[in-house]
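Worksheet for the structure shown next.
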Protein chains: 2
Amino acid sequence: MPKLQVASDKSSLTERDWEQAALNTIAHQGVAALAVEALARDLGVTKGSFYWHFANRDALIKAAVMRWEDNDIKTFERSIAMLSDPSSKLRLLFRRTIKEIQSHLIFSALFRSTDHPVVAEVMQRVSERRVSFLTRSYEELGMDSSAAGHRARLTYLSYVGFLQYYQQFKALRMSQQEVSEYIEHVIQSLIPQQHEE
Amino acid sequence: MPKLQVASDKSSLTERDWEQAALNTIAHQGVAALAVEALARDLGVTKGSFYWHFANRDALIKAAVMRWEDNDIKTFERSIAMLSDPSSKLRLLFRRTIKEIQSHLIFSALFRSTDHPVVAEVMQRVSERRVSFLTRSYEELGMDSSAAGHRARLTYLSYVGFLQYYQQFKALRMSQQEVSEYIEHVIQSLIPQQHEE
DNA sequence: TTATGACCATACGCATGCGTATTGACAAAT
DNA sequence: ATTTGTCAATACGCATGCGTATGGTCATAA
C-alpha cells in the first residue's frame, strides 16, 4: 500500500522533492545544465531512484516548470490582483522585481530556454498573461488601447532585460540602493502620473 | 610558403571562414549549440581540418566573438556616432533595432551565454559602451546625470528584452508593422521631447 | 511470517562531442 | 623533380549523460 509521505519525513523522496531540486538548479544554472545524475547526487541518491519517479528528463522538466507556473499564478492573485487602484498595482508590481528573487531567477532562466517545447509553451502563456494585465492597467489609467498595448510591451520587455542583466552580471556593479533608485525611475518614466488639479 | 588567400578562392578554408560560420550558428542556435563536428559538416569538411586552424573550440569562440565586437564598434562609429543632434542619434539607434537583424541576433545569443568567460567579458564591454553612450545622449538632452543614467539603463534593458522576446517567439505575433509602431512608441516614451516655444 | 509494493543501488549499452595522432593530397618553391 | 608547407580525411581514446535492466532493502499489510 502506498506510503503517506509527511513533510518532515525525509527517509525517502517524492516527485515534489525532485521538482523542487530541479527548479533550484534551473534558477542558478539554466535548463540546459539540468542533468539527472547531478540532481540525484544533490539529493543524496543515484539515478536509479529518479527513473522510478519520472519517465525521463523531459517529464521532470515539464512537471517542474508547470509547478512553477502554477505557483506564479497563485502568488500573483494573492497579492497584486487584489488591489483596486491601477497605479498602485503597477507600482507594487515594479517593486516586486527585486523581491522573491528565486522566482524571478527561474523566470529569467526559463525565458532563455524556449528551445525546449514545454518551456516555450509555458513562457508563451506567462508572457501573454503579464502583458494583458499590464495593458489593462494602462488602459485603466487613461491610455488609449494602442498606446497601452505598446507601453505594456515596453514595460514587460524592460523587465525581461533587467532580469537577464541582473542575473548574469550580479556580482557586478549596481548596489541594492542603486537598484531601488532605478526602479523608482522606471515607475516615474513608465506609469502615467495622475495630475488632479 | 604561405598561400595568399583571395576572397573568391574557396578551394580551402581560412580562419575567417570558420569564424563566420561560427557566428552564424551562434546567431540561430546559441553558443551552447556550437559544435565543431557539426560546423565542419556545414563547411563540407571534417574536424581534422578545424584543429589545424584552431587550438580548440574555445579558441574559435573567442576569435569569432571578438571579430563580432570589432565589427559592432566599427559599424556604430560609421553611422550613429557621426550624427551631432542627440535626439537624432537616439532615434536612429532605436530604429536600428529592426535592421541588420543578424548582428542583433548574435548580440542576443551572446547575452544569453555569459557563462562562458570570454563571452561574459565581451558583453561586459559592449554593455558598458552602449549604456555610456545612452547616458551621454540623455545628458545632452538636458536630463541630470542621475536620471540620464537610469534612463540609459532602462533603454538598454528594454532593448535586451525586446531582442530576446523577438528572437524566441519570432514566427509568432507582431507583424513588421506592429514592430514599427512599437518602436515609435518607445521613442515617444523614452526620449524627452524638446518643446521649443 | 510471509508477501507485496515503494524506493534505491549497481551495472550496462549507447550516443554525442571534444581532442589527438597519423596519414594523405596537392600546390608552390627550389 | 623533389621537397616543403598547407589543408584535410580517418581513426582512435576519453568523458559525459541518457535510459534500461536487474537486484536489493525495508516497512507494512495479510
Side-chain angles (χ1 to χ4, degrees), chain A residues 1-22 24-26 28-65 109 113 115-119, chain B residues 1-22 24-26 28-65 109 113 115-119:
Chain A
M1 191 175 253
K3 175 195 296 188
L4 220 62
Q5 189 82 355
V6 192
S8 61
D9 181 357
K10 290 283 105 178
S11 65
S12 71
L13 298 174
T14 71
E15 276 82 358
R16 239 198 109 103
D17 294 322
W18 286 94
E19 293 164 18
Q20 212 50 49
N24 195 53
T25 296
I26 289 174
H28 295 297
Q29 297 163 259
V31 175
L34 186 68
V36 313
E37 318 203 43
L39 208 61
R41 224 176 299 124
D42 290 348
L43 291 171
V45 294
T46 66
K47 68 176 172 174
S49 168
F50 174 83
Y51 286 97
W52 191 90
H53 293 287
F54 297 92
N56 51 32
R57 180 177 178 271
D58 262 30
L60 170 65
I61 292 178
K62 180 168 184 175
V65 164
S113 305
D115 48 313
H116 192 296
V118 174
V119 175
Chain B
M1 190 174 255
K3 175 194 296 186
L4 220 60
Q5 191 82 354
V6 193
S8 61
D9 182 357
K10 289 285 102 178
S11 65
S12 69
L13 298 173
T14 71
E15 276 81 359
R16 236 197 111 102
D17 294 322
W18 287 94
E19 293 165 17
Q20 212 50 48
N24 196 53
T25 297
I26 288 174
H28 295 297
Q29 298 162 258
V31 175
L34 186 68
V36 312
E37 318 202 45
L39 208 62
R41 224 177 299 125
D42 291 349
L43 291 172
V45 295
T46 65
K47 68 175 173 175
S49 169
F50 174 83
Y51 286 97
W52 191 89
H53 293 287
F54 297 92
N56 51 32
R57 181 176 176 271
D58 262 31
L60 170 65
I61 292 176
K62 179 167 186 174
V65 163
S113 304
D115 49 314
H116 191 296
V118 174
V119 175

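Naming: A, B, ... by sequence-line order, numbering from 1 per chain.
For the pair B/Arg41 CZ and C/dC18 C1', the computed distance is 14 Å after rounding to whole Å. For the pair A/Leu34 CG and D/dG19 C1', the interatomic distance rounds to 15 Å; values are reported in whole Å. The interatomic distance linking B/Leu39 (CG) with D/dA8 (P) rounds to 13 Å, in whole Å. For the pair A/His116 NE2 and D/dC18 P, the computed distance is 12 Å after rounding to whole Å. Rounded to an integer number of Å, the gap from CD of A/Glu37 to P of C/dA11 is 14 Å.
No side-chain heavy atom of A/Phe54 sits under 4.5 Å from any side-chain heavy atom of A/Lys62. You'll find the side chain of B/Leu34 reaches within 4.5 Å of the side chain of B/Leu60, heavy atoms only.
At a non-hydrogen distance threshold of 4.0 Å, A/Ser49, A/Trp52, A/His53 from residues 49-57 of chain A come into contact with DNA chain C.
Across A/Ala32 and A/Arg57, no two heavy atoms sit closer than the pair O-NH2, 3.8 Å. The shortest non-hydrogen separation linking B/Ala109 to B/Gly30 is CB-CA, 4.3 Å.
When heavy atoms are screened at a 4.0 angstrom cut-off, A/Leu60 is found touching no nucleic acid atom at all.
Nearest nucleotide to the A/Thr46 side chain, out of D/dC18, C/dA9, C/dC8: C/dA9.
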Measure all distances between protein nitrogen or oxygen atoms and nitrogen or oxygen atoms of nucleotides 14-16 of chain D, and list the pairs falling under 3.5 Å.
none

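With sequence neighbours excluded, the residues forming a side chain to side chain donor-acceptor pair (under 3.5 Å) with B/His116 are B/Asp58, listed by chain and number. Under the rule for a side chain to side chain contact (heavy atoms under 4.5 Å, CB included), the partners of B/Asn24 that lie at least two apart in sequence or sit in another chain are B/His28, B/Gln102.
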Discussion item. Only Watson-Crick and G-U wobble pairs with both distances less than 3.5 Å should count. Give DNA chain C in dot-bracket notation, marking inter-strand partners with |.
Written reply: ||||||||||||||||||||||||||||||
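No donor-acceptor contact under 3.5 Å links the side chain of A/Lys47 to the base of D/dG17.
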Quiz: residues 36-51 of chain A side-chain donor-acceptor pairs under 3.5 angstrom, not counting sequence neighbours:
none

